[in-house]
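When reading the values below, keep in mind they use all heavy atoms of this one structure, side chains included, and skip hydrogens, waters and symmetry mates.
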Amino acid sequence: MRRHHLFMGVVLVSLAVAGLVSAKAQTSVWGKDYLPNVPVMSQNGERLLFYDDAIKGKIVVISFIYTSCRDICPVVTARLAQVEEKLGAAVGRDIFFVSISIDPLNDTPGKLKEYADAFQAGPGWLFLTGKPEDIDLIRYKLGDRSRKLSEHRNEIWLANDATGDWARDSVFGDIDSLAMTISAMDPSQRSQMGKTEQPGGAAGIPHSPGTVAGGMLTDLPGQALFIKTCASCHTIGQGAKVGPDLSGLTTRRAREWIVSYIMTPDKMRSQKDRAALRLAEHYPSVRMPNLGLSTNDATDLIAYMEAMSYAAAADNKSRTAHEHVHVH
C-alpha cells in the first residue's frame, strides 16, 4: 500500500508538472505587462497595488468570492482553508492566497475581515476589494467575465509570477492532490517531489484522514464523499469549524430530517424548518448548499458519521480510563 501511495504521488506530480509546463507555454505573456496594477484594499484596510503587492514574484492561489454568497463561495473558501492547513507554514512564506471580491460595492474591508475570520484565514491570505471598475478589470484579465454574481467562475488560478507558470484548477477534487499541485508551482519543491516518501504521504503532503481510534476505521462507505463534500466545513468530534461538529448527529436529529437536510437544505429553509433556520442563524457565514446528493449519498454519509462518532467516543472513553488508572 505504501508503494502504491508513493507511485500515485509520483504520477500526480508528473501530471502536475506537465500541466504547468503547458500553462507556461500558453500564458508566457502574463505578468506585469498583462495584469493590472490597480489599487485594491485588503480585509485589514491596507491600501495595495494589485500586481506589485499581491502577485509580483510570488506563488499565489487566486479565487473569486463575494461575502453575501451562501452557496458555492463559502464551500470554495472552506476547501481552500483545508488546503491552507495542509500547506502549513509554507502559506505566507512561500505561497500566498488571494481571494478577490466580485461585489466590491457591498464587500467593504470590514465585511471581508469578518468573512476571512469565519474561515480562520491566516496572515498569508489576502481578501481584496476596490473600485468596481478596477475589480472588473482584474476579473476580465483573469478570465472571469460573467455579468451575474451567481455565475462567476468557481475555478481557482495557481500562479508563479517569477517563473511565468499559470494554471487553472478546482477545489472540488482531492485536497491532498491540490496541495501537492500548489507545492509543485515552486520549481525547487517540484524537483524534490517523488524522490523520497516522507511521513504523511508522497511529497510530504499528508493524506486525507481515513483512520480514527488507532486505525480501526478505513475505507468506510461515505468516507470519500464526506472528505470531498463535508470536511471543508465540518468535523466529527473535533469541534465546530465553519459549520457544526457532526459527532453524534443521529442522537440529536431524526434520521429522516438528516437525509432531507443533506439532500435539500435550501428547500428546508424556504419551508421555514425551525432547525434549518436555527443553523443558518448560528452559522451566518455559510449556509449548507444543495450539492445535488442522492438518498444513497445521504445514507452513506450518515453511516460514516455514525461510525466515526462511535469510534471517537470509544477512543475518548479508552483514553479517559487510561488517565484514571495513572491518576490512581
Passing candidate, side-chain hydrogen bond (donor to acceptor under 3.5 Å, both in side chains) with S101, options T129, N106, D107, T67: D107
Mark yes or no for whether [X], through its side chain, and [Y], through its backbone, hold a donor-acceptor pair below 3.5 Å.
| X | Y | answer |
| --- | --- | --- |
| D53 | L49 | yes |
| H234 | L246 | no |
| R79 | A231 | no |
| W157 | L142 | yes |
| Q43 | P109 | no |
| D174 | S177 | yes |
| T264 | D266 | no |
| R269 | A276 | no |

Could you tell me which non-hydrogen atom of [X] sits nearest to which non-hydrogen atom of [Y], and how far apart they are?
| X | Y | result |
| --- | --- | --- |
| K241 | Q82 | NZ-CG, 4.2 Å |
| P104 | P132 | CG-CA, 3.7 Å |
| F50 | N37 | N-OD1, 3.9 Å |
| G222 | L301 | O-CD2, 3.8 Å |
| A54 | L126 | CB-CD1, 4.2 Å |
| R252 | D245 | NH2-O, 3.3 Å |

Nearest-0.5 Å distance, [atom1] of residue [X] to [atom2] of residue [Y]:
| X | Y | atom1 | atom2 | result |
| --- | --- | --- | --- | --- |
| R168 | L158 | CZ | CG | 10.5 Å |
| I182 | E84 | CD1 | CD | 10.5 Å |
| L35 | L137 | CG | CG | 9.5 Å |
| S68 | Y115 | OG | OH | 9.5 Å |
| T108 | K111 | OG1 | NZ | 6.0 Å |
| F64 | L128 | CZ | CG | 10.5 Å |

Does [atom1] belonging to [X] count more than 12 external heavy atoms closer than 6.0 Å?
| X | atom1 | value |
| --- | --- | --- |
| Q120 | CD | no |
| R47 | CZ | no |
| E133 | CD | yes |
| E46 | CD | yes |
| K58 | NZ | yes |

Has K32 got its NZ or CZ under 6.0 Å from the middle of the six-membered ring of Y51, at an angle within 45 degrees of the ring axis?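 Judged by the rule (NZ or CZ under 6.0 Å from the ring centre, within 45° of its axis), K32 is not positioned above Y51.
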Do K113's NZ or CZ and the ring of F127 fall within the cation-pi criteria of under 6.0 Å and 45°? no
Start with the C-alpha gap between L277 and E281, add the side-chain angles, then the distance that decides, and say whether side chain to side chain contact (heavy atoms under 4.5 Å, CB included) holds. CA-CA 6 Å; L277 292 178; E281 182 180 354; over 6 Å; no
Is it true that [Y] and [X] share a donor-acceptor pair across their side chains at a distance under 3.5 Å?
| X | Y | answer |
| --- | --- | --- |
| D165 | T163 | yes |
| R139 | S146 | yes |
| W30 | D161 | no |
| E155 | S170 | no |

Can you confirm whether D103 sits close enough to I65 that some side-chain heavy atom of one is under 4.5 Å from a side-chain heavy atom of the other? no
If you define the side chain from C-beta out and look only at heavy atoms, does anything of W125 sit under 4.5 Å from V98?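 No, their side chains stay 4.5 Å or more apart.
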Show the numbers, then the answer: is there a side chain to side chain contact (heavy atoms under 4.5 Å, CB included) between R253 and Y261? CA-CA 11 Å; R253 302 283 181 206; Y261 192 70; over 6 Å; no
Report the C-alpha distance between I100 and I62 in whole Å, list the side-chain angles of each, state the deciding distance to 0.1 Å, and finish with yes or no for side chain to side chain contact (heavy atoms under 4.5 Å, CB included). CA-CA 8 Å; I100 303 165; I62 304 172; 3.8 Å; yes
Test side chain to side chain contact (heavy atoms under 4.5 Å, CB included) on F96 and I55; report intermediate values, then the result. CA-CA 9 Å; F96 299 85; I55 307 296; over 6 Å; no
Could you walk me through whether N296 and S294 pass side-chain hydrogen bond (donor to acceptor under 3.5 Å, both in side chains), step by step? CA-CA 5 Å; N296 287 339; S294 67; 5.1 Å; no
Go through the steps for E306 and R255 under the test salt bridge (charged side-chain N to carboxylate O under 4.0 Å, His left out), then give the verdict. CA-CA 11 Å; E306 286 183 318; R255 187 176 296 269; 2.7 Å; yes
N160 and W166: side-chain hydrogen bond (donor to acceptor under 3.5 Å, both in side chains), yes or no, with the steps? CA-CA 7 Å; N160 184 334; W166 282 79; over 6 Å; no
Run through D297, T229, I302, L291 and flag the one making a side chain to side chain contact (heavy atoms under 4.5 Å, CB included) with I262.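 The side chain to side chain contact (heavy atoms under 4.5 Å, CB included) with I262 is passed solely by I302 among D297, T229, I302, L291.
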